[in-house]
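Both backbone and side-chain heavy atoms feed into the values below; hydrogens, waters and symmetry mates do not. Proteins come first, then strands; the chains are lettered A, B, ... in the order of their sequence lines, and each starts at number 1.
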Protein chains: 2
Amino acid sequence: MTDGTISAADIGHGPLYKRVKSLLTQSLADGEWKPNEAIPSESRLAERFDVSIGTVRKAIDELTAERILVRQQGRGTFVAAHTQNRFLYHFYHVVDEDGIKRFPTPELLQFRRTRAEPHVATRLGIEKGARVIHVRNLLRIEGAPVEVNDIYLDAEVFEGLDRDTFSNRPGTIYQLYQERFRLNIIRTMEQLRAVAIGEAEAPLLQLEQNAPVLQVARVAYTYHSQPVEYRCSLVNTTHHVYQSDQEVRG
Amino acid sequence: MTDGTISAADIGHGPLYKRVKSLLTQSLADGEWKPNEAIPSESRLAERFDVSIGTVRKAIDELTAERILVRQQGRGTFVAAHTQNRFLYHFYHVVDEDGIKRFPTPELLQFRRTRAEPHVATRLGIEKGARVIHVRNLLRIEGAPVEVNDIYLDAEVFEGLDRDTFSNRPGTIYQLYQERFRLNIIRTMEQLRAVAIGEAEAPLLQLEQNAPVLQVARVAYTYHSQPVEYRCSLVNTTHHVYQSDQEVRG
DNA sequence: AAGTGGTCTAGACCACCAT
DNA sequence: TGGTGGTCTAGACCACTTA
């Protein structure tokens, strides 16, 4: 290294393309390129990291497979942004009985600041009793209420978030996280069980008390598997189902 | 083409590697290479299809991403076979409250031949009233009954399958499909809802009648998205959850 | 026309496994 | 030691977008 460039070969270990990938991920986490922006072209990145273009391509291949980047032939490679369609496709699994996925309309029921109970703290990776924001939403599909969700956010991370921002937003919640707080959700983990609905929630979903509903506990992660949101939902599966596909590609 | 080789360039359209991929998939579907067998080396396949080794690699890359093939450095590339671990990892989503996945022990409750009801026929892509095999199993985890499942199979496809074969098998059900019927399950689609358990099933899961249980309706597919099995399960989620991960790679 | 990603090739070398 | 997959390179050409 006699010139001023940073070579990917100089740092870390393992395959070169993995090192390039982690340099790219780091730049993304640092906000060097923002959602919907193009990253530099493959040839520029090859120069910057002092590797061949094929090696850059292999790193980008993996990042696109993880849906962190999106390629567009002739235009460039872009940082994946949360759109309604992306949300629907990757993070929303409720479909109606015909198998059709429709975009739900949210209604803000509650916005408050509180302290993290143990199960919330565990999932968010914060201290028990730490300040959190709790939001409750009702989701309707074609007018019918199908889901209540309770969202928990680390108040330190989401400093300044208020009720108005939440209720008057144009797109999805993950778009809000991205645009206001630079937190790009790239992965979720969900745990499902069947429970009897309580008296507080039953009327919201127009169900009898103790009716069976699907409980979905979701943790959403950003880069480096850092938890960002914990969400616990109750879904009325009388006329809707939760759909899960395994290995669809090809 | 003056010699006797078959060139991938001679048939179909689109990228070469996609054509190579579909030639490979066809050979797999035809049973040219059986589960656990090695397919020819990349250089041999390159000769056979008259393409460069890089093009073969790209085709195999996609097939390994879909978990249809498995590479082993220094040994070769193998047709993915169903093993207990693969089943656990890709097709079984029930974990206990600590998040630990344990292998369930099946007990055969019923094995009978019947006619396909409409919802079964639809999912299996066969005629209503066609002959089907219906199997009911009880799954226990560490002794506790957690899941009842009703499996429906096209009797024409599973010609000769009998109760004994089903109950005295060593591995998973998908291993049985693979070894006896050459049907390799490579993809599943599941639909989940919460339902009240009926009086017939409640005692099996040691629950009160009308207790909420998770209903999982799964269709399992082989190559070319051909449906092979329809399975409807009821899961006691009192001490277990259904876990779903999105985008884990990297 | 210039720039981007997409495909395909050919060859080198490495890491790993069997013998 | 020879064969396998794994990585990396360099270059050619194609398809698509933008100006």
>> Counting only heavy atoms not in A:Arg44 (residues, nucleotides, ligands), do more than 12 fall under 6.0 Å from its CZ?
In response: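 12 or below, so no.
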> Does A:Phe181 have any ring-ring contact (aromatic ring centres under 6.0 Å, His included) partners at least two apart in sequence or in another chain, and if so, which?
Replying inline: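 Counting only residues at least two positions away or on another chain, A:Phe181 forms a ring-ring contact (aromatic ring centres under 6.0 Å, His included) with A:Phe158.
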> With sequence neighbours left out, what residues match A:Tyr92 under ring-ring contact (aromatic ring centres under 6.0 Å, His included)?
Replying inline: A:Phe87
>> Determine whether the aromatic ring centres of residues A:His82 and A:Tyr177 are separated by less than 6.0 angstrom.
In response: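 No, the ring centres sit 6.0 Å or more apart.
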>> Measuring to OP1 and OP2 of D:dG5, would you say a side-chain N or O of B:Thr77 lies under 4.0 angstrom away?
In response: yes
> Distance check: side-chain N/O of B:Arg57 vs OP1/OP2 of D:dG5, anything under 4.0 Å?
Replying inline: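 Negative; the distance criterion is not met.
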> Once you round it to whole Å, what is the distance between C1' of D:dG3 and CD of B:Gln72?
Replying inline: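 It works out to 15 Å between those atoms.
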>> Rounded to whole Å, please give me the gap between CD1 in B:Ile53 and P in D:dG3.
In response: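 After rounding, the gap between these two atoms is 13 Å.
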> Does A:Arg218 have any salt bridge (Lys or Arg N to Asp or Glu O under 4.0 Å) partners at least two apart in sequence or in another chain, and if so, which?
Replying inline: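 Salt bridge (Lys or Arg N to Asp or Glu O under 4.0 Å) check on A:Arg218 returns A:Glu190.
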> Which angle, to the nearest 10 degrees, lies between the helix axes at the two ends of the helix from C:dA1-D:dT18 to C:dA18-D:dT1, each defined by five pairs?
Replying inline: 0°
> Under 3.5 Å, side chain of A:Gln175 to main-chain N/O of A:Thr172, donor-acceptor pair present?
Replying inline: yes
> Taking B:Thr237 for the side chain and B:His240 for the main chain, is one N or O donor matched with an acceptor at less than 3.5 Å?
Replying inline: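 Not confirmed, B:Thr237 side chain does not pair with B:His240 backbone.
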> Could you give the start and end, 5' to 3', of the contact zone on DNA chain C for chain B, using atoms under 4.0 Å from its heavy atoms?
Replying inline: C:dT7 to C:dA18
> Can you name the residues that form a side chain to side chain contact (heavy atoms under 4.5 Å, CB included) with B:Phe78, not counting sequence neighbours?
Replying inline: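 Checked B:Phe78 against side chain to side chain contact (heavy atoms under 4.5 Å, CB included); matches are B:Ala38, B:Gln72, B:Arg75.
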